[in-house]
Amino acid sequence: MLLDASDSQLVLVDYQSRLMPAIHEGTQVLANAVRLARMARLLQVPVWGTEQNPDKLGPNDAAVREHCQKTLAKMDFSAVGAGLLDCLRPPARPTGGNARSLPRHLQKPAAPAAPERNTVVIAGCEAHVCLLQTTLELIEQEVAVWVVTDACGSRTERNRDAAFDRLAGAGAELITTEMVAFEWLRSAEHPAFREVQALIK
């Protein structure tokens, strides 16, 4: 029931320049998203971003974008259709040729598969639209999803809170930025403890 950094991936949804000024408590929401991204990088947690209709809403905030391994542009509100699952799941191990084509002692050993990370920590805007639809589709794909509430926002509190109620009912875990930090660390003796602690003070 605790997050594990070695099993986590972070998804940051639509922190876009033309959208953020309209988000309730948008400055704090964005600051927490940047904290999450920096913590993830310190702890070697992969970070993925999405941008909704970037031609109209602009790119993600630069401080978010710089920490993302990849940023997916999308027109659908859910990022799943834009290829998010392909980012989250390691590529299938390539199949070798016919096993009988070479004697066993001449065959190259198969490359080890990339380790799977089965937990998605997600935050974003708007909570009741793109974040909600992305999370619900991930849950349908049997992905364990943890929603970082203080890094999520909507234009109104009512819409944001309704999204949280619905997500909790669907099986998402609701957490905060500090919960993520201390669960990823697990111990004050973690080598990155001071750096991570500095981000949340």
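These numbers come from a predicted model, not from an experiment. Numbers here are sequence positions counted from 1.
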Legend entry - Which atom of V29 lies closest to which atom of G153, heavy atoms considered: CG1-N, 4.0 Å

Hey, could you give me the [atom1]/[atom2] distance between [X] and [Y], rounded to the nearest 0.5 Å?
X    : Y    : atom1 : atom2 : value
R166 : H128 : CZ    : NE2   : 11.0 Å
L174 : L167 : CG    : CG    : 7.0 Å
L57  : L19  : CG    : CG    : 6.0 Å
L84  : R89  : CG    : CZ    : 10.0 Å
R41  : H67  : CZ    : NE2   : 7.0 Å
L10  : T119 : CG    : OG1   : 12.5 Å

Inset, instruction - Only one of R65, K74, K70 passes salt bridge (charged side-chain N to carboxylate O under 4.0 Å, His left out) with E51; say which it is. - result: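 Between E51 and the candidates, salt bridge (charged side-chain N to carboxylate O under 4.0 Å, His left out) is satisfied uniquely by R65.
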
Inset, instruction - Could you pull out all residues at least two apart from R186 that satisfy side chain to side chain contact (heavy atoms under 4.5 Å, CB included)? - result: L2, D4

So, do [X] and [Y] sit near enough that their side-chain heavy atoms are less than 4.5 Å apart?
X    : Y    : result
I175 : L3   : yes
V147 : T135 : yes
I200 : F182 : yes
R160 : E25  : yes
N159 : E126 : no
L199 : L42  : yes

Inset, instruction - Would you check if there is a donor-acceptor pair between the side chains of T176 and D150 at a distance under 3.5 Å? - result: no

Inset, instruction - For side-chain contact (heavy atoms from CB on, under 4.5 Å), just list the numbers for W48 and L88, CA-CA rounded to whole Å, side-chain angles, deciding distance to a tenth of an Å, and then say yes or no. - result: CA-CA 8 Å; W48 312 100; L88 298 174; 3.7 Å; yes

Legend entry - Whether over 12 other heavy atoms sit under 6.0 Å from F77 CZ: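 No, the 6.0 Å shell around CZ holds no more than 12 heavy atoms from other groups.
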
Legend entry - Partner set under salt bridge (Lys or Arg N to Asp or Glu O under 4.0 Å) for R18, not counting sequence neighbours: none

Inset, instruction - Scan T50, V64, I23, N53 and name whichever one has a side chain to side chain contact (heavy atoms under 4.5 Å, CB included) with D14. - result: T50

